[in-house]
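Order of appearance sets the numbers: ligands from 1, and atoms from 1 within every ligand.
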Amino acid sequence: MAQLIGGLATSHIPSIGNAIAKGLQQDPYWKPFFDGFPPIRDWLAEQKPDVAVVFYNDHGLNFFLDKMPTFAVGAAAEYHNADEGWGIPTLPPYRGSPELSWHLINHLIDQEFDVVTCQEMLVDHAFTVPLKLFWPQEICPVTTVPICINTVQFPLPSAKRVYALGKAVGAAIRSWKSDRKVVVLGTGGLSHQLDGERAGFINKDFDLKFMQSLQSNPEWATQYSIHELVEKTGTQGVELLMWLAMRGALSTGGSGVRTVHSNYHIPISNTATGVMALAQVD
Ligand code: DHB
Ligand code: FE
């Protein structure tokens with residue numbers, strides 16, 4: 001059976017893509033953010049995962065407001081990036097993992113998650129920026145399965161439902177008849193609000209409690225409704241649901257998870273940034 005080695009989470013701000021393209025990692029503004037990544041890259045170099053299952057939210061590149069699936073799973077041989085208007089370089093296509101995609105889709109439908117299946121899917125900054133942060137090499141060494149969760153157009157799925165989706169994805173990965181090593185990613189957050197009266201809103205206290213909960217009490221955030229999460233984290237901060245899906249995929253039995261490394265830094269652009277790697281230990 002496939003081995004689920006652990007989970008990764010990071011913020012996914014477009015300007016990070018520009019900073020990478022311009023080589024600004026040591027610049028005083030960027031350094032406290034980029035310094036969160038080398039210990040995690042060392043762990044990945046040791047673990048050598050083959051496939052990354054990526055929970056993220058599309059921002060209007062592949063799905064627009066006219067058609068907005070709650071949950072959508074990629075099932076393509078490759079995923080193209082395209083210009084979103086942020087001025088970041090368009091990256092070459094990412095390799096898919098269609099066999100794992102269809103295994104996940106079959107398992108999820110069987111578990112009554114009626115997902116949309118996408119045999120063509122453009123991937124935006126929420127997919128490309130995190131993959132570049134964790135694997136900066138020219139060609140991304142892992143194959144990928146994108147899973148989109150709607151955090152753009154209301155109604156959004158509840159934190160409880162997103163955690164349950166993550167659990168179902170984790171069980172499906174562990175039941176995949178393959179010798180591959182799999183890592184799950186969640187991208188987005190942490191607290192931020194890009195528009196309206198509270199534009200610029202950040203909630204460090206909540207972000208740090210949330211990051212801590214993923215280690216010791218992963219269901220903590222499921223006590224909150226979507227509206228409570230928006231109130232506590234901002235309209236776009238609700239993207240932290242992706243971190244919850246990632247954590248749901250990891251097993252809670254045995255000794256659970258070990259935090260390999262985490263970092264929190266305010267702000268990059270308008271956003272509180274976090275990064276975290278959790279190793280599955282049982
Ligand atoms: C920013 C943050 C995001 O999550 C995003 O998708 C776009 C922009 C920002 O802070 O600039
Ligand atoms: Fe975003």
Side-chain angles (χ1 to χ4, degrees), residues 8-22 24 27 29-34 36-37 54-65 68-72 74 79 81-91 121-134 146-154 156-157 159 162 185-204 206-207 210-211 221 226 229-246 263-276:
L8 307 169
T10 177
S11 309
H12 63 214
I13 306 158
S15 60
I16 300 166
N18 267 321
I20 294 171
K22 292 182 185 151
L24 297 178
D27 179 278
Y29 177 81
W30 290 101
K31 190 172 161 45
F33 169 75
F34 281 103
F37 289 84
V54 185
F55 293 105
Y56 74 107
N57 58 291
D58 180 86
H59 301 72
L61 182 69
N62 192 69
F63 301 114
F64 200 60
L65 303 181
M68 184 57 69
T70 302
F71 300 132
Y79 300 97
N81 178 223
D83 185 5
E84 297 173 65
W86 295 105
I88 37 182
T90 300
L91 296 173
M121 198 175 190
L122 290 174
V123 287
D124 77 358
H125 68 273
F127 182 92
T128 60
V129 165
L131 287 176
K132 264 278 170 256
L133 285 166
F134 291 121
I147 302 183
C148 270
I149 300 177
N150 168 35
T151 56
V152 171
Q153 171 149 283
F154 278 76
L156 312 187
V162 166
L185 268 71
T187 93
L190 292 169
S191 58
H192 64 299
Q193 172 143 343
L194 302 179
D195 46 22
E197 278 176 20
R198 291 202 310 166
F201 176 79
I202 277 175
N203 186 347
K204 180 176 178 180
F206 185 89
D207 288 339
F210 174 66
M211 287 177 80
I226 288 297
L229 285 175
V230 167
E231 191 182 7
K232 288 178 189 308
T233 70
T235 38
Q236 282 77 32
V238 74
E239 290 177 344
L240 58 73
L241 288 177
M242 311 302 149
W243 292 47
L244 199 57
M246 173 281 285
N263 189 47
Y264 183 79
H265 172 66
I266 295 173
I268 291 295
S269 183
N270 292 302
T271 299
T273 66
V275 60
M276 187 171 225

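Relative orientation of the W30 and F33 rings is perpendicular, given thresholds of 30° and 60° on the angle between their planes.
At least one side-chain heavy atom of I226 sits less than 4.5 Å from a side-chain heavy atom of V238.
Protein atoms that are N, O or S and lie under 2.8 Å from the Fe ion (ligand 2) are these: H12 NE2, H59 NE2, E239 OE2.
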N or O contacts of ligand 1 with protein under 3.5 Å, please list pair by pair.
| from | atom 1 | to | atom 2 | distance (Å) |
| --- | --- | --- | --- | --- |
| ligand 1 | 4 (O) | H12 | NE2 | 3.2 |
| ligand 1 | 4 (O) | H192 | NE2 | 2.9 |
| ligand 1 | 4 (O) | E239 | OE1 | 3.2 |
| ligand 1 | 6 (O) | H12 | NE2 | 3.4 |
| ligand 1 | 6 (O) | H59 | NE2 | 2.7 |
| ligand 1 | 6 (O) | H125 | NE2 | 2.8 |
| ligand 1 | 10 (O) | S269 | OG | 3.3 |
| ligand 1 | 10 (O) | N270 | N | 3.3 |
| ligand 1 | 10 (O) | T271 | OG1 | 2.6 |
| ligand 1 | 11 (O) | S269 | OG | 2.6 |

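N270 and H192 share no side-chain donor-acceptor pair at under 3.5 Å. Residues N263 and H265 bring no donor and acceptor atom of their side chains to less than 3.5 Å of each other. Between the side chains of N57 and T151, at least one donor N or O sits under 3.5 Å from an acceptor N or O. For the residue pair E84/H125, the side-chain donor-acceptor check at 3.5 Å is satisfied.
Smallest separation of non-hydrogen atoms from A272 and D207: CB-OD2, 3.3 Å. Counting all heavy atoms, side chain and backbone alike, G36 lies closest to V275 at O-CG1, 3.9 Å. Contact record, E239 with G188: OE1-CA, 3.5 Å, taken as the closest heavy-atom pair.
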